[in-house]
> 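The structure is given below, and queries will be raised subsequently.
Just so you know, residue 1 is the first one in the sequence shown, and it goes up from there. Note that the structure is predicted; figures quoted are calculated from it, not measured. Hydrogens, waters and symmetry mates are skipped; everything else that's a heavy atom, side chains included, is used.
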Amino acid sequence: MDVSQRICRVVSSEDEAKIFINFYKMRLKREYTLFPVYSDDLNQNWLVVSGQSKQNSSFAAVYLKNCSNSKSNSGWINFGLGFKKNETNSKLFYIDEIVEIKSKKHLYPSVVNTGGLLRSSISTVSQYQSNSSYFQDLDSYYFYKT
């Protein structure tokens, strides 16, 4: 029985991907051409660059699941750089509520021991609002729903 673990990451840009590619020494898997897919030498750390759109986020997650041969014990991370009015320092947040603004639907990712990370909600919007006092992005709702 294969119980090997995988951590799968979905990011929307090459800039966000570089952090993980460099840290885990990932290489581009040229056999996968729909989206750029990266993996480390042990095939435990995987990453897909989805581009920005709600459909791409969902499609890329399904694509990465298939490319990485991930099973139910795989961990999934949607990493992104967010914007919030009056936040001047970079901070890492654990998102425990995702709101799709148009439909007002809410999703609640499972909460585990976050090791002291700050928690926040995020709103998936169709267009960024520069005067917003809440975190916003373009695709978290669709990634998590998938």
Side-chain angles (χ1 to χ4, degrees), residues 1-85 87 90-115 117-130 132 134-146:
M1 179 166 90
D2 180 22
V3 293
S4 62
Q5 64 185 19
R6 301 211 184 343
I7 299 177
C8 297
R9 295 163 179 87
V10 178
V11 300
S12 61
S13 74
E14 290 288 342
D15 286 337
E16 293 168 345
K18 285 179 189 176
I19 297 165
F20 300 105
I21 291 168
N22 292 337
F23 186 82
Y24 292 104
K25 298 176 178 67
M26 294 180 172
R27 293 193 185 118
L28 180 65
K29 305 289 262 184
R30 296 194 188 281
E31 63 268 32
Y32 306 119
T33 58
L34 185 58
F35 294 98
V37 172
Y38 296 83
S39 174
D40 64 3
D41 288 339
L42 297 175
N43 289 327
Q44 292 179 334
N45 289 284
W46 289 79
L47 180 141
V48 64
V49 180
S50 67
Q52 291 185 337
S53 87
K54 59 186 177 185
Q55 290 88 5
N56 280 3
S57 179
S58 293
F59 296 158
V62 172
Y63 188 67
L64 184 58
K65 179 190 183 301
N66 293 329
C67 293
S68 66
N69 197 24
S70 293
K71 307 293 185 230
S72 61
N73 67 333
S74 297
W76 285 85
I77 298 170
N78 181 13
F79 178 82
L81 304 174
F83 172 80
K84 183 176 180 182
K85 182 180 174 183
E87 282 289 333
S90 296
K91 296 177 187 169
L92 188 59
F93 286 88
Y94 183 90
I95 302 299
D96 56 9
E97 178 185 34
I98 304 168
V99 181
E100 203 284 328
I101 289 294
K102 244 184 220 176
S103 67
K104 304 286 190 227
K105 292 181 180 177
H106 293 244
L107 296 172
Y108 300 93
S110 300
V111 177
V112 294
N113 181 355
T114 61
L117 291 178
L118 299 170
R119 292 183 176 187
S120 181
S121 63
I122 194 164
S123 296
T124 296
V125 298
S126 55
Q127 195 169 22
Y128 288 113
Q129 316 255 319
S130 62
S132 174
Y134 54 85
F135 279 114
Q136 50 189 319
D137 81 334
L138 302 174
D139 53 21
S140 287
Y141 180 86
Y142 304 99
F143 163 80
Y144 191 74
K145 187 175 178 191
T146 299

> Donor-acceptor pair, distance only, cut-off 3.5 Å: does the side chain of S68 make one with the backbone of W46?
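Not confirmed, S68 side chain does not pair with W46 backbone.
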> Ignoring hydrogens and geometry, is there a side-chain-to-backbone donor-acceptor pair from R9 to F20 under 3.5 Å?
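Not at all, since once roles are kept as given, no pair shorter than 3.5 Å links the two residues.
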> Assess whether atom OH of Y32 is packed by more than 12 heavy atoms of other residues, nucleotides or ligands within 6.0 Å.
yes
> How about K29: does its NZ atom have over 12 heavy atoms from other parts shown lying under 6.0 Å from it?
yes
> Which distance, rounded to the nearest 0.5 Å, do you find between the CE of M26 and the CG of D41?
11.0 Å
> I need the S50 OG to Q55 CD distance, nearest 0.5 Å.
11.0 Å
> Check whether any side-chain heavy atom of Q44 sits under 4.5 Å from a side-chain heavy atom of Y24, and report yes or no.
no
> For Q127, does the CD atom sit with more than 12 other heavy atoms under 6.0 Å from it, leaving out its own atoms?
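No, not enclosed.
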> I'd like to check F35 versus L64 (side-chain heavy atoms, cut-off strictly below 4.5 Å). Are they in contact?
no
> Would you find a donor on one side and an acceptor on the other, under 3.5 Å apart, between the side chain of Y144 and the backbone of L107?
no
> Which atoms form the tightest heavy-atom contact between S140 and T124, and what is the distance?
N-OG1, 3.6 Å
> Could you tell me whether a side-chain N or O of S58 sits under 3.5 Å from a main-chain N or O of Y142, the two making a donor and an acceptor?
yes
> Compare every heavy atom of V48 with every heavy atom of A60, then report the nearest pair and how far apart it is.
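That closest heavy-atom pairing would be O-CG1, 3.8 Å.
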> How many angstroms lie between NZ in K18 and OH in Y38, if you round to the nearest 0.5 Å?
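So the gap between those two atoms works out to 9.5 Å.
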> Report yes or no: does S12 contribute a side-chain atom to a donor-acceptor pair with the main-chain N or O of G51 at less than 3.5 Å?
no
> If I compare all heavy atoms of N45 with all of D40, which pair ends up nearest, and what's the gap?
ND2-OD2, 2.9 Å
> Over all heavy atoms of both residues, which pair between V37 and Y63 is shortest? Give the atoms and the distance, please.
CG2-CE2, 3.8 Å
> To the nearest 0.5 Å, tell me how far H106 NE2 sits from S121 OG.
9.0 Å
> Once you round to the nearest 0.5 Å, how far does CG of L47 lie from CG of L28?
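Answer rounded to 0.5 Å: 10.5 Å.
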> Just verifying a value: how many Å separate I98 CD1 and F143 CZ, rounded to the nearest 0.5 Å?
8.5 Å
